[in-house]
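No experiment lies behind these values; they were computed from the predicted model shown.
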Amino acid sequence: MALTRTLVAGVFATALLCVFAQDTKLDYEGIETLQLHGSGTTNPSKLLWKAMSILEERAKIPIRMTYRAVGSGTGQKEFKGNEFSNNTAYHDFGSGDIPFSKADYDFINANQGEFYQLPFLMGAITFFHSVPVDKLQLNACLLAKIFNRQITKWDHPEIMSFADNQIHALAFSNKEIKVVRRTYGSSSTSLSTGYIKKAVQDDSNCPNSVWPDNMVGKGDADPADPSTPTKAPFWKSDTIAVQGSDGVADYLLENEYAIGYLDMGHGKSRGLKEIYLQNKDGNFVVSTKKDGANLAGAFENTNTIPDEMDGDWSQTDLINQPGEKTWPIMTFSYIYVKKDITSLGKAGGLLKALLHFLLRSEGQGLLPEFGFIRIPASLEAKALAAADSLDAADGITWQFEDASATLPYQGASPYFFSGKRRSYNSYLLDHVTDDVEGTLEGLADRVTSIEDTMAAATTTGPNGESASHTHSHDDDDDDDKTSPVAIVALIIAIIALVVQVVVFLVVIGGLKAKIASLEKSQNVYSGEKNADGTAIIASSDA
């Protein structure tokens, strides 16, 4: 009996493996590269690029995914289409930090069929500056006057008399304010100008005239004359027009005494200084510090979220919401996708897989790296359900193998994204990134140590007493002497900092050398074949 059971089990297992093997064997000679393309907001572009790179690396069969970071306005245009595309989307999906207007929502439903606006993260828009001071405090009324050019100098009486800004009198003295803003359609423009309008209206001490209706919108310009707006906001001619989030960041880094608006993730990653902004409750908050503001507070205090993912999101309002530490300029980032994606063929399954990756734990775990926070669990569940419901009848169903849990046989099948599969480039990048981050943390610790030592040196007498006790009451007495021990400690700390900087430069140099070596030796598939049908491999330095 035992032998019979063993034979039956063996036959069954062999049959099962044969069936499974039929699914795993593909004609790799003739297999096509599955492609997926999107465009839209620049704010989470680095997150989307990283997610796509991870999936490309983990796929067994060739896939190619691209995302054009062109701004929410252009992303919406290309998803909506125009007469040249017969009012159909230019890409497989779009993305933006603002929902479609009611008019565009109705137009797309009528011309392309029903679609979803799926929130996949929450982000903050904020104001950054390049004034050489640590704590610059402003409110919406002052921002309105600055960006509308009613106030053009940092030492204007209204700025100087606001909050604690008077301590910056020397730094502000006779300095012109440089206003940098986005050129083409941008969610950051829409959200920041909308915030100023709403906050000014909520401020009884600020006349509404400082921020008229023609200063609210996502903006646009003619490529032939990008500095002149063609849609609201109609900026003054002496503002600086740049393209993209990085354009704003670059300008602030290269020009002192400037101010601009930017998503928090970009600004923080570039090391920019943030305005201390007065929120609706009258408190000064910053979005870039862990204890600076409640980024989720806007969702907790609004009732404007639609019940369904395919609904009209145009009235969603996360701006200037109440709360002691609520950050006043929050937004969702959305993926725009049609319900019927059968036209994508096999790539339809690839789009569903990308959405699953972004909305599940691994994708959501990437958000803090780029300055974003997770959407509420209730919305996440609805967005995942909507992604599952997409009609990709001709698409392939992709599955996932986690890096920490091996799935024998299954993980080796063609349509599994395997966390066990990666490239040496990504392995190297992860390790070098850890080295750099560790070095930067060490540098920060050294700087803190030096600051503490300097503080001790100025408050300690030569025998270790408090400086207040060692100071002579004689008017002709010399100033307090600094403790020799403190001086020695300071010198040692400075030497240690120099050593740490040298180590950091060595790490960076090693990274550059390794990347150059990889680029030189990397082989790239050219897409062509030899006469015998084998792939032609071209060197990347050809």
Under a 4.0 Å N-O cut-off, is there an ion pair linking Lys339 with Asp310? yes
query: Within the distance-only criterion (no hydrogens, no angle test), does the side chain of Ser130 pair as donor or acceptor with the backbone N or O of Tyr257 below 3.5 angstrom?
result: yes
task = Applying ring pair (Phe, Tyr, Trp, His ring centres under 6.0 Å), run through Phe284 and Phe162 and close with a yes or a no.
result = CA-CA 12 Å; Phe284 290 98; Phe162 183 73; 5.8 Å; yes
*Is there a donor-acceptor pair closer than 3.5 Å between any side-chain N or O of Thr331 and the backbone N or O of Asp97?*
yes
Begin from the C-alpha positions of Asp388 and Lys352 and carry the test salt bridge (charged side-chain N to carboxylate O under 4.0 Å, His left out) through to its verdict.
CA-CA 7 Å; Asp388 284 334; Lys352 294 180 73 169; 5.6 Å; no
Between Leu354 and Ala51 the two heavy atoms that sit nearest each other are CD1-CB, 4.4 Å
Heavy atoms of Ile63 and Leu55 approach each other most closely as CD1-O, 3.7 Å
Check: Is there a donor-acceptor pair closer than 3.5 Å between any side-chain N or O of Thr42 and the backbone N or O of Val70?
Finding: no
dist Glu362:CD -> Ile54:CD1 (nearest 0.5 Å) comes out at 5.5 Å
**Main-chain N/O of Glu324 paired with Asn279 side-chain donor or acceptor, under 3.5 Å** = yes
*Does NZ in Lys231 sit with more than 12 non-hydrogen atoms of other residues, nucleotides or ligands closer than 6.0 Å?*
no
>> Around atom CD of Glu308, are there more than 12 heavy atoms from other residues, nucleotides or ligands closer than 6.0 Å?
In response: no
message = Between Glu256 and Lys178 (salt bridge meaning N to carboxylate O under 4.0 Å), is one present in this structure?
response = no
Rounding to 0.5 Å, atoms CE (Met264) and CD1 (Ile329) come to a distance of 12.0 Å
CG of Leu358 to CG of Leu366, rounded to nearest 0.5 Å, is 8.5 Å
Worksheet item: Counting only N and O atoms by type, is there a donor-acceptor contact under 3.5 Å from the side chain of Asn148 to the main-chain atoms of Ala144?
Response: no
Note: Asn87 and Glu83 closest approach over all heavy atoms is OD1-N, 3.9 Å
In short, Ser187 meets Thr41 closest at the heavy-atom pair OG-OG1, 4.2 Å
Go through the steps for Lys145 and His156 under the test side-chain hydrogen bond (donor to acceptor under 3.5 Å, both in side chains), then give the verdict. CA-CA 11 Å; Lys145 294 177 181 180; His156 189 282; over 6 Å; no
Query raised in the report: Are any non-hydrogen side-chain atoms of Tyr116 and Ser389 less than 4.5 angstrom apart?
Result: yes
Does a salt bridge link Lys50 with Glu369, judged by any charged N lying under 4.0 Å from a carboxylate O? yes
By salt bridge (Lys or Arg N to Asp or Glu O under 4.0 Å), Asp106 pairs with (sequence neighbours left out) Lys102
Query raised in the report: According to the interplanar angle, ranging from 0 to 90°, do the rings of Phe332 and Phe299 count as parallel (below 30°), tilted (30 to 60°) or perpendicular (above 60°)?
Result: perpendicular
Correct closest heavy-atom pair for Ile98 and Tyr336 would be O-OH, 2.6 Å
Starting from the C-alpha separation in whole Å, work towards a yes-or-no answer on side-chain hydrogen bond (donor to acceptor under 3.5 Å, both in side chains) for Gln112 and Thr88.
CA-CA 6 Å; Gln112 295 189 32; Thr88 60; over 6 Å; no
Check: Looking only at atom types and distance, does a side-chain atom of Asn82 sit under 3.5 Å from a main-chain N or O of Ser85, one as donor and one as acceptor?
Finding: yes
Apply side chain to side chain contact (heavy atoms under 4.5 Å, CB included) to the pair Val179 and Thr152, showing each step before the final yes or no.
CA-CA 9 Å; Val179 170; Thr152 58; over 6 Å; no
Is it the case that the side chain of Ser173 and the backbone of Ala169 share a donor-acceptor pair, with hydrogens and angles ignored and the cut-off at 3.5 Å?
no
In this structure, CD of Gln137 is separated from NE2 of His168 (nearest 0.5 Å) by 7.0 Å
Determine yes or no for a side-chain-to-main-chain donor-acceptor pair under 3.5 angstrom, with Thr193 supplying the side chain and Thr189 the backbone. yes
Evaluation steps, side-chain hydrogen bond (donor to acceptor under 3.5 Å, both in side chains), between Glu274 and Thr288: CA-CA 8 Å; Glu274 186 179 6; Thr288 53; 2.7 Å; yes
Open item on the list: Salt bridge or not between Glu56 and Arg64? Use side-chain N to carboxylate O under 4.0 Å.
Closed with: no
State plainly whether the residues Lys325 and Asp281 are in salt-bridge range, i.e. N to O under 4.0 Å.
no
*In terms of the angle between their ring planes, are Tyr67 and Phe93 parallel, tilted or perpendicular, with boundaries placed at 30° and 60°?*
parallel
Measure up the Phe100 and Phe79 rings against each other and bin them: parallel (under 30°), tilted (30 to 60°), perpendicular (over 60°). tilted
**Q.** Test item: Ser188 side-chain N/O and Leu262 main-chain N/O as donor-acceptor pair under 3.5 Å
**A.** no
Hits for side-chain hydrogen bond (donor to acceptor under 3.5 Å, both in side chains) against Glu57, two or more places apart or cross-chain, chain-then-number order -> Ser423, Ser426
| field | Ionic contact status for Lys338 with Glu114, cut-off 4.0 Å | value | no
Measuring only between side-chain heavy atoms, which start at C-beta, is Phe370 closer than 4.5 Å to Asp263? no
Would a line drawn from the ring center of Phe147 to the ring center of Phe127 be shorter than 6.0 Å? yes
task: Measure centre to centre between the rings of Trp313 and Tyr334, then say whether the value is under 6.0 Å.
output: yes
If only atom types and distance count, is the side chain of Thr302 paired as donor or acceptor with the main-chain N or O of Ala298 below 3.5 Å? no
(Q) Between Thr66 and Gln35, does the side chain to side chain contact (heavy atoms under 4.5 Å, CB included) criterion hold? Intermediate values first, please. (A) CA-CA 8 Å; Thr66 71; Gln35 300 192 44; over 6 Å; no
Between Arg270 and Asp250, does any NZ, NE, NH1 or NH2 come within less than 4.0 Å of an OD or OE carboxylate oxygen? yes
Ser333 and Pro44 have their tightest heavy-atom pair at OG-CG, 4.0 Å
Original post:
Under 6.0 Å from the CG atom of Asp134, do we count more than 12 heavy atoms belonging to anything else shown?
Top reply: no
task: Begin with the C-alpha distance, continue with both residues' side-chain angles, and end with the deciding distance and a verdict on side chain to side chain contact (heavy atoms under 4.5 Å, CB included) for Val337 and Ile341.
output: CA-CA 8 Å; Val337 57; Ile341 56 174; 4.1 Å; yes
Query - Pairwise side-chain contact, Ile259 with Leu138, heavy-atom cut-off 4.5 Å (strictly under) - result: yes
Output for pair (Lys175 NZ, Leu170 CG), nearest 0.5 Å, gives 9.0 Å
query = If you measure from the Lys or Arg side-chain nitrogens to the Asp or Glu carboxylate oxygens, is any gap between Asp317 and Lys198 under 4.0 Å?
reply = yes
- Item | Side-chain heavy-atom pair Tyr195, Leu277 within 4.5 angstrom cut-off | yes
Review point. With a 4.5 Å heavy-atom cut-off, do Asn283 and Thr326 have their side chains touching?
Key: no
- Measure from NZ or CZ of Lys135 to the centre of the six-membered ring of Tyr276, then state whether that distance is under 6.0 Å and the direction lies within 45° of the axis. yes
In this structure, NE2 of His37 is separated from CG of Leu344 (nearest 0.5 Å) by 10.5 Å
